[in-house]
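I have placed the structure first, in the form of structure tokens, so that the comments after it can refer back to it.
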Amino acid sequence: MYHCAQINTRQHKPKKAKNEGVKHRDKEQMDTFKCHGWLSITITDDGDDAFVKFQHEDDHVPYWNIDVPSEIQDFVRENLELSPTQLWDEILKKNPSPSFSRKAIYQIWHENESKKWKRDPDEVKSAKILLEEASEKQNMNRNIYSVESIPLPDNPSFTAIAFCLPEVLRKWGGKVRELSLDSACEKYTLFSITYIDLIV
């Protein structure tokens with residue numbers, strides 16, 4: 001199910017900041033209408049047909065662009081050393097009532113910042129490439145800790161990678177107090193990380 005961007009029943013209410021001393025700024029919004037604009041697409045499991053239903057009862061004013069202006073995008077790319085919060089504060093100094101959201105600025109910052117470490121759209125492939133690069137750098141520079149991949153058997157139920165830092169283990173292995181398992185779930189993907197708790 002898809003809906004018209006200007007349908008009045010599907011607009012998000014503005015969120016108020018909970019922190020004390022935070023200034024509330026009203027953001028310009030598009031006009032909304034009782035247009036009943038919906039697009040429904042149904043595909044059956046046992047057939048090749050798709051059933052499409054479209055309705056739009058009000059020929060209202062067109063959607064206007066709320067994309068981030070190119071000069072603002074350039075400003076974000078040229079100042080990636082700033083945090084998203086710092087970027088947003090600087091933008092508000094020049095444009096106190098922007099038509100775009102803080103989330104849009106974060107997205108631009110994240111997409112450009114991730115180029116430093118993201119090697120492939122597939123997270124597992126990207127991580128494997130980073131491990132290979134870390135291993136190559138260690139071979140060229142003996143002053144950094146070595147990284148070794150740990151081979152795992154194929155399992156159709158899940159995808160996983162494993163690696164170790166041999167020199168770190170040799171240096172701190174005698175002081176390891178416990179191994180802890182942490183996990184996070186994003187949509188339907190479960191990420192697990194095992195980390196070491198040391199006695200200092």
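These numbers come from the heavy atoms of this one structure, side chains and all, not from hydrogens, waters or symmetry mates.
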**Q.** Lys128: partners by side chain to side chain contact (heavy atoms under 4.5 Å, CB included), with sequence neighbours left out
**A.** Val124, Ile161
Q.
Just verifying a value: how many Å separate Ile150 CD1 and Phe163 CZ, rounded to the nearest 0.5 Å?
A. 8.5 Å
Q: Please answer: with hydrophobic residues joined when any side-chain heavy atoms are less than 4.5 Å apart, are Leu152 and Leu131 in the same cluster?
A: no
Q.
Please determine whether residues Leu92 and Val68 belong to a single hydrophobic cluster, defined as Ile, Leu, Val, Met, Phe, Trp and Tyr linked transitively by side-chain heavy-atom distances below 4.5 Å.
A. yes
(Q) If you apply the rule side chain to side chain donor-acceptor pair (under 3.5 Å), what do you find for Glu90 with Gln86, and how did you get there? (A) CA-CA 6 Å; Glu90 291 299 318; Gln86 291 172 323; over 6 Å; no
Q: Look up atom NZ in Lys125 and atom OG1 in Thr159, then write down how far apart they are to the nearest 0.5 Å.
A: 11.0 Å
**Q.** Non-hydrogen atoms of Leu87 and Asn79 that approach each other most closely
**A.** CD2-O, 3.6 Å
Q: Please check if Met1 and Ile7 belong to a single hydrophobic cluster, counting links between Ile, Leu, Val, Met, Phe, Trp and Tyr side chain heavy atoms closer than 4.5 Å.
A: yes
Q. Does Glu57 pair with Lys34 as a salt bridge, N-O distance under 4.0 Å?
A. no
Q) After noting the C-alpha distance and the side-chain angles of Thr44 and Phe51, does the key distance pass the side chain to side chain contact (heavy atoms under 4.5 Å, CB included) rule? A) CA-CA 9 Å; Thr44 59; Phe51 300 93; 3.9 Å; yes
Q: For Gln55 and Leu39, indicate whether the former's side chain and the latter's backbone hold a donor-acceptor pair under 3.5 Å.
A: no
Q.
Quick one, Ile72 and Phe100 - any side-chain contact, counting heavy atoms below 4.5 Å?
A. yes
Q) Is a side-chain N or O of His56 found less than 3.5 angstrom from the main chain of Asp58, in a donor-acceptor match? A) yes
**Q.** From CD (Glu113) to OH (Tyr106), nearest 0.5 Å
**A.** 10.0 Å
Q: Heavy atoms only: give me the nearest Glu167-Arg170 pair and the separation to one decimal.
A: CG-NH2, 3.2 Å
Q | Any residue meeting ring pair (Phe, Tyr, Trp, His ring centres under 6.0 Å) with Phe75, in chain and number order, not counting sequence neighbours | A | none
Q: Identify the heavy atoms of Ser126 and Arg119 that sit nearest to each other, and give their distance.
A: OG-N, 2.9 Å
Q.
With rounding to the nearest 0.5 angstrom, report the OG to NE2 distance, Ser40 to His3.
A. 13.5 Å
Q | Minimal non-hydrogen separation, Leu130 against Trp117, with atom names | A | CD1-O, 3.3 Å
Q.
Within the 4.5 Å heavy-atom criterion, are Ser149 and Pro151 side-chain neighbours or not?
A. no
Q. Is the side chain of Ser114 donor-acceptor paired with the backbone N or O of His110 at a distance under 3.5 Å, no angle test?
A. yes
Q. Taking atom CD of Glu111 and atom CZ of Arg77, what is their separation to the nearest 0.5 Å?
A. 8.5 Å
Q: Considering non-hydrogen atoms only, spot the tightest contact between Leu82 and Trp109 and give its length.
A: O-NE1, 3.2 Å
